[in-house]
S.K.: 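One structure, pasted below without further comment.
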Amino acid sequence: MQSKWEENIRTVTPYIPGEQPKGTDIIKLNTNENPYPPCNGVKKVIRDFKTNDLRLYPDTDSTALRNALAERYEVKPDQVFLGVGSDDVLSLAFLAFFASYKPVLFPDITYSFYDVWADVYKIPYKTVPLDENFRIDPNGYKQPNGGVVFPNPNAPTGVLEKIDTVEEIVSSNKDSVVIVDEAYIDFGGKSAVPLVKEYDNLLIVQTFSKSRSLAGARIGFAIGSERLIKHLNNVKFSVNSYTMNRLTQACGLAAVLDEQYFSDVVSRIITTRERLKFALSVMGFQLTDSKANFVFASHKMLSAKEIYESLRKRKIYVRYWDKPRIGNYLRITVGTDEQTDKLIAALKEILSERGL
Ligand SMILES: *Cc1c(COP(=O)(O)O)cnc(C)c1O
């Protein structure tokens, strides 16, 4: 029963992150982490870090890391915003930019944190259905709104939209802020960062968690017009000034500087992803043409739930949602080649045990 005081508090149904199992013998393909280690520069930063520096508060602007990102993405430092993972960046962006009484628009199938942030901040929202091929229809975003947010490639489908589609959505929404969540853009997509020159209401959000192997360090960033970033900083500095700690700032800088390692790791993952897609389609799976570091697959004869549970018994963790439209799909992170071989072997076994 609800207590009287609970009528006066903020209640919300939280986001459920993928499970982080304790065992070391588990093949973990459920949270889209990178299977390869961070670059050597990160290792060196941690080894040489002076613990005495932790007496002091960190740089509130993460200046060195911000400058490096500005150079890498060919924008001004004042166009870059840093946060503790892109979840932090997105959460602050919802708080800063979605303050209208009109609904914020996002796809019906998308990152399941968006409706949670909308709920916790009491932001009205409306979902726009993806078409039958899980594609975003830009016409759905030509209605009155208090903001727009979508990932590209989308999650958990992995479907990438062309830059023209992104631009069509941005150009038809000049009276609100449009956020493009590019968590997976490095795995084969074309970033919309160059569009921020033309559209001062466009915010691009990216993360170090997937393509730069730093999910545990918590580094996310946004790129937008100086005006937009100023508003985002005003909200950030009204909530918590000292978000990213000193060690993390130094690790992030080392990661941005090693462009060669970054592109090597990304291309390895892309090669494994395409091999996995082919192997799964031969086994009777239907797949989207994922351009992320995961595949999104549905078997013609066996339910996603049953495959999920059978893989779990074999200590292979993948992601499954009991939700409309995607309840028969599995989202499987692209691991190392060895992990991928074990996954394929396990799936063959599961199917053959059922005579499939
Ligand atoms: C993983 C993910 C994020 C958040 O990643 P962080 O680890 O918080 O940087 C944001 N958006 C999407 C679509 C994601 O898949």
Side-chain angles (χ1 to χ4, degrees), residues 14-20 28-35 38 62 65 69 80-95 104 106-118 120 127 130 134 136 148-161 166 178-189 191-192 203-223 232 236 240 243-245 248-249 251-252 255-256 262 266 269 273 288 290-296 318-321 323 326 329-334:
Y15 170 78
I16 306 164
E19 198 178 342
Q20 293 291 355
K28 194 173 174 306
L29 306 173
N30 66 337
T31 49
N32 298 342
E33 287 141 332
N34 195 309
S62 304
L65 175 52
L69 284 169
V80 180
F81 176 86
L82 276 149
V84 183
S86 56
D87 286 342
D88 179 44
V89 177
L90 286 161
S91 155
L92 287 169
F94 270 57
L95 189 58
V104 166
F106 49 82
D108 61 338
I109 299 166
T110 196
Y111 188 36
S112 45
F113 226 139
Y114 298 158
D115 57 350
V116 175
W117 285 316
V120 74
T127 59
L130 298 178
F134 296 140
I136 290 176
V148 172
V149 57
F150 61 93
N152 194 39
N154 196 7
T157 63
V159 175
L160 176 79
E161 297 300 342
V166 175
V178 177
I179 301 175
V180 184
D181 179 354
E182 293 189 338
Y184 301 103
I185 199 71
D186 295 328
F187 301 102
S191 172
L203 190 79
I204 308 296
V205 179
Q206 291 193 15
T207 177
F208 283 47
S209 296
K210 282 103 187 196
S211 55
R212 295 182 190 273
S213 311
L214 284 169
R218 312 304 301 130
I219 308 173
F221 64 98
I223 293 176
L232 191 51
K236 178 218 155 140
N240 182 359
T243 48
M244 195 182 295
N245 70 68
T248 301
Q249 291 185 25
C251 288
V256 182
F262 164 76
V266 162
I269 291 171
R273 176 188 71 206
T288 61
S290 172
K291 297 288 186 216
N293 67 336
F294 57 82
V295 299
F296 196 57
V318 301
R319 200 86 197 263
Y320 159 76
W321 289 272
K323 279 189 176 177
I326 59 166
Y329 279 85
L330 295 172
R331 190 198 66 187
I332 309 173
T333 305
V334 177

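Along the sequence shown, residues carry numbers from 1. Whatever order the structure lists ligands and atoms in, that order sets their numbers, starting from 1.
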S.K.: Taking the six-membered ring for Trp and the single ring otherwise, decide whether the centroids of Tyr114 and Tyr15 are under 6.0 Å apart.
M.R.: no

S.K.: Mind checking what makes side-chain contact (heavy atoms from CB on, under 4.5 Å) contact with Ile109, not counting sequence neighbours?
M.R.: Leu130, Phe134, Pro156, Thr157, Arg325, Ile326

S.K.: For Pro153, check side-chain contact (heavy atoms from CB on, under 4.5 Å) against everything at least two apart and list the hits.
M.R.: Leu160, Tyr184, Ile185, Lys291

S.K.: Write 'none' if nothing qualifies; otherwise put on separate lines each N/O atom of ligand 1 with a protein N/O atom under 3.5 Å away and their distance to 0.1 Å.
M.R.:
residue  : atom   : partner : partner atom : Å
ligand 1 : 5 (O)  : Ser86   : OG           : 3.2
ligand 1 : 7 (O)  : Ser209  : OG           : 2.6
ligand 1 : 7 (O)  : Arg218  : NH1          : 2.8
ligand 1 : 7 (O)  : Arg218  : NH2          : 3.4
ligand 1 : 8 (O)  : Ser86   : N            : 3.2
ligand 1 : 8 (O)  : Asp87   : N            : 2.9
ligand 1 : 8 (O)  : Asp87   : OD2          : 3.3
ligand 1 : 8 (O)  : Arg218  : NH2          : 2.7
ligand 1 : 9 (O)  : Ser86   : N            : 2.6
ligand 1 : 9 (O)  : Ser86   : OG           : 2.8
ligand 1 : 9 (O)  : Thr207  : OG1          : 2.5
ligand 1 : 9 (O)  : Ser209  : OG           : 3.3
ligand 1 : 11 (N) : Asp181  : OD1          : 3.3
ligand 1 : 11 (N) : Asp181  : OD2          : 2.7
ligand 1 : 15 (O) : Tyr184  : OH           : 2.5
ligand 1 : 15 (O) : Lys210  : NZ           : 3.1

S.K.: With the side chain counted from C-beta on, respond yes when Val256 and Leu69 share a heavy-atom pair under 4.5 Å apart, and no when they do not.
M.R.: yes

S.K.: Taking only Lys NZ, Arg NE, NH1 and NH2, and the carboxylate oxygens of Asp or Glu, determine whether Lys210 and Glu33 approach each other closer than 4.0 Å.
M.R.: no

S.K.: Residues two or more places apart in sequence or in another chain: which of them pass side-chain contact (heavy atoms from CB on, under 4.5 Å) with Ser86?
M.R.: Val205, Thr207

